[in-house]
Protein chains: 4
Amino acid sequence: MGSPSTAARVSAPRRHRAVPAAATRFDRRLAEILTHATEVFRKKGYEGASMRDLSRASGMSLAGLYYYFESKERLLFLIQKHTFTTIVQRLKARLEGVSDPETQIRIFILNHLEYFLANPASMKVLSHEAEALKNGFASEVAAIKREYYRICVGLLDDLKRARGLQFSTRIAVLSLFGMMNWIYTWHNSRVDADAEQLAGEMSDIFLRGVMTGAKGRR
Amino acid sequence: MGSPSTAARVSAPRRHRAVPAAATRFDRRLAEILTHATEVFRKKGYEGASMRDLSRASGMSLAGLYYYFESKERLLFLIQKHTFTTIVQRLKARLEGVSDPETQIRIFILNHLEYFLANPASMKVLSHEAEALKNGFASEVAAIKREYYRICVGLLDDLKRARGLQFSTRIAVLSLFGMMNWIYTWHNSRVDADAEQLAGEMSDIFLRGVMTGAKGRR
Amino acid sequence: MGSPSTAARVSAPRRHRAVPAAATRFDRRLAEILTHATEVFRKKGYEGASMRDLSRASGMSLAGLYYYFESKERLLFLIQKHTFTTIVQRLKARLEGVSDPETQIRIFILNHLEYFLANPASMKVLSHEAEALKNGFASEVAAIKREYYRICVGLLDDLKRARGLQFSTRIAVLSLFGMMNWIYTWHNSRVDADAEQLAGEMSDIFLRGVMTGAKGRR
Amino acid sequence: MGSPSTAARVSAPRRHRAVPAAATRFDRRLAEILTHATEVFRKKGYEGASMRDLSRASGMSLAGLYYYFESKERLLFLIQKHTFTTIVQRLKARLEGVSDPETQIRIFILNHLEYFLANPASMKVLSHEAEALKNGFASEVAAIKREYYRICVGLLDDLKRARGLQFSTRIAVLSLFGMMNWIYTWHNSRVDADAEQLAGEMSDIFLRGVMTGAKGRR
DNA sequence: GATGAATGAGGTTTCATTCAT
DNA sequence: TATGAATGAAACCTCATTCAT
């Protein structure tokens, strides 16, 4: 997962494939480029990064890049889609068989932060460049984002029902996303705790915040 | 506050000034431009916005803009510095005379969100373009940010001491900033609650989260 | 006529004009550029001419050109529209007060060839690049062309009626245009006759061809 | 005629050939490509058509095309040379045994228009892209064109001599070419007459024009 | 016989900025 | 105070073409 071969499968290359499951040379090369591009976008931002920057970073000629994707925008799209798809996939696998709402939410947070800290560049590009895509590209990523959001809303609504709590799910969920996604602005791997501990602390703050004394309120 | 005259004082214009405190025509004109520019940066991002966009939005010629500031980067700097300075100023005024840590934190959150929802464009530009400035500009804004951060850390440490709590102040503060600053990505004034209510709900989540069951832990 | 000032009036510059009849400095500069561009398009064709070629020919920087028109396509449009408009204008003036159909057709041909030989570059660009424009640009030029064509059809129908002739007006008119417009492929001012004589000979061929022995036919 | 085998003979392929008269697979494949390319050049113009367009149209890979001809320019050359050669060939065959100058000219016109309407794309590419070739390619096509032009001049001079007429042969011939070659700009097979009728009407206009009342003139 | 992969050069256009007025 | 005119640099992208396979 997160391996080049997966990235490749996500990338919808322009050629038909007799054996879609196999990672072709094209796929592997594309995945390499995506990795370099992600790092450049992280450092300079999508608008601030030039195709020349990407060319330099990936060691491929400017024109060569266009053999692998038809526009800078599609490149960002591929990165965002792959990142988001992977997170959602992993989440679903981890939630399978778990039924306690609180545990589920802790898994949600852990899954998010683990991926975040393991792929900080991808996650910054996903979080920070959310508005950079347009039209078809934008809507396709937005669809995944909505699914992810919906899952979280579902878990929180389960929790509310199970514990008889009352609070605004929308605000709670969006606050949680804020806590988690803001990490890209401050996390320093040499100073800050690892994903598990961070997830624990954020889960504590969030879950206690949401579960305490909210029974009769509102 | 937030008036043209304040903006002007922040802006360090190039002309000599007999009476620096008075809002000159220069100051007022600059403030207008800043307002338009903020809106353009919000919509298109700093890198994505061109000087031509700013010219169009402010109804002034491209060359005319340069009479008021010497570069696009300095323009962003003026916006960020003014915004941040104003928030900190207001916060200090509001905290004056308050001594209960919980109340102080609630004031901190309310102050932040009130300004946020009253000046959503400024706040998005402050949050989202935090890395766009370089060198001298960057460090001057970073200094204010650090002061603001320090204030929040102080309040939280007071709370911990007062209530005998134990948690990572750093993570708590940064989580709180995440909750608050992420708002620019989702707040919809036609759907979402006003600043006071929002501040209440976020304060509840955060404070309960931080104050509950954290006594003996860690 | 055909002077820079006329060209300017045709060019629909981007600014409002208090006194539309006056040729501003902008207009004059634009007209100069159009003249150079026409020559480059004649030599290399519209597709074959690069903006760099135009920059070189007009002695202005690449970026400077874009101050005067927003795209290469619009530049071609301005040339074609001005050329065609001028021809039609002159034709109308010359036809005024003339009522004999044969004389009118001779005037039509003379007008066309005089302009052609006086402005060979413009006319080649008009004739040869008829399909290069797209959408709005194309349709605006097509409208003038249709008017010009309609005038010629009208003259020929008058002739037919007056002399009791019978032939296909469409084919006659389009043959005439072919004779005249093909000139850009072969006319050599050092070898070939001047406009008046050329017009005389073409008029003879065409009119005799169309007026001879066609009474009872078809 | 006009068959792949002819195209092949015209094309001077790079391979050795045991039996040059036979249409090899190479020749047939090349002829197919030429057909597709002609259509693309007609639609987009020589400069406006990219090798990628040709690749798409012919269903062959970009690199594959280069097995059949070494450059885009040579491709245009092959098209033009084949087209022109074929026209001249056919003309010569048709003129054989005919001695009346008027009949000969009518045959010339019919031959031209028949080929024109049967191969509109080739003829547009021949007429419209006359200046696109350079150096050796250009001169080789120019040679055929000159021969074709000379034939027409010969026929007209015969007519003049036979009927004691006086007019400029050069202008007459070039007017005739104009009438005929301009067709590509307007002919619509759903509206306009077929080649025979069109040739008849153009021949009438031209021959009457040239043969009427020109005896004592000039 | 044909192609996937790659490239240097160059395409059109936009950028932030300047300067004489 | 403000702008029209202009520019060098650089943006994204496409071009015809090549070469190992």
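Order of the sequence lines sets the chain letters (A, B, ...), proteins ahead of strands, with each chain counted from 1.
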In which ranges does DNA chain E form stems of 3 or more consecutive Watson-Crick or G-U pairs, distances under 3.5 Å?
E:2-21 with F:2-21
Length of the CD-P vector between A:E32 and E:dA5, whole Å:
13 Å
Could you identify which residues of residues 41-61 of chain B place a heavy atom less than 4.0 Å from some atom of DNA chain F, listed by residue number, or say none?
B:M60, B:S61
Just to confirm, is there a sub-4.0 Å distance from OP1 or OP2 of F:dT1 to any side-chain nitrogen or oxygen of B:Y68?
no
Sorted by chain and residue number, the salt bridge (charged side-chain N to carboxylate O under 4.0 Å, His left out) partners of D:K124 (sequence neighbours excluded) come out as C:E131
Look at C:R25 and E:dT21 and indicate whether a side-chain polar atom (N or O) is within less than 4.0 Å of OP1 or OP2.
no
Sub-3.5 Å donor-acceptor pair from the side chain of B:E129 to the main-chain atoms of B:R42, do we have one?
no
Nearest-Å distance, CG (C:L65) to P (E:dT12)?
11 Å
Give a yes/no answer on whether the side chain of C:Y66 brings an N or O atom under 4.0 Å of OP1 or OP2 in E:dT13.
yes
Would you kindly give the CD-to-C1' distance between C:E73 and E:dT13, to the nearest whole Å?
14 Å
To the nearest angstrom, how far is C:F69 atom CZ from E:dT12 atom C1'?
11 Å
Could you state the atom-to-atom distance from CG of D:L62 to C1' of F:dC19 in whole Å?
13 Å
Is there a side-chain contact between A:R29 and the phosphate of E:dG4, meaning an N or O under 4.0 Å from OP1 or OP2?
no
In whole angstroms, the gap separating C1' of E:dT12 from CG of C:L76 amounts to 15 Å
Rounded to the nearest Å, what distance is computed from the NZ atom of residue D:K72 to the P atom of nucleotide F:dT18?
15 Å
Do C:F77 and C:H82 make a side-chain contact, defined as non-hydrogen atoms from C-beta onward lying under 4.5 Å apart?
no
About how many Å separate CG of B:L54 and CD1 of B:I33, when rounded to the nearest 0.5 Å?
9.5 Å
Sorted by chain and number, sequence neighbours left out, side chain to side chain donor-acceptor pair (under 3.5 Å) with D:K43 holds for none
Rounded to whole Å, the CG-P distance (A:L30 to E:dA5) equals 11 Å
Applying side chain to side chain contact (heavy atoms under 4.5 Å, CB included), can you list everything that pairs with D:E73, at least two apart in sequence or on another chain?
D:Y46, D:S71, D:L133, D:K134, D:F137
Residue C:A63, side-chain heavy atoms: nucleotide from F:dA16, F:dT7, E:dG4 that is nearest:
F:dT7
Sorted by chain and number, sequence neighbours left out, side chain to side chain donor-acceptor pair (under 3.5 Å) with B:S50 holds for B:D53
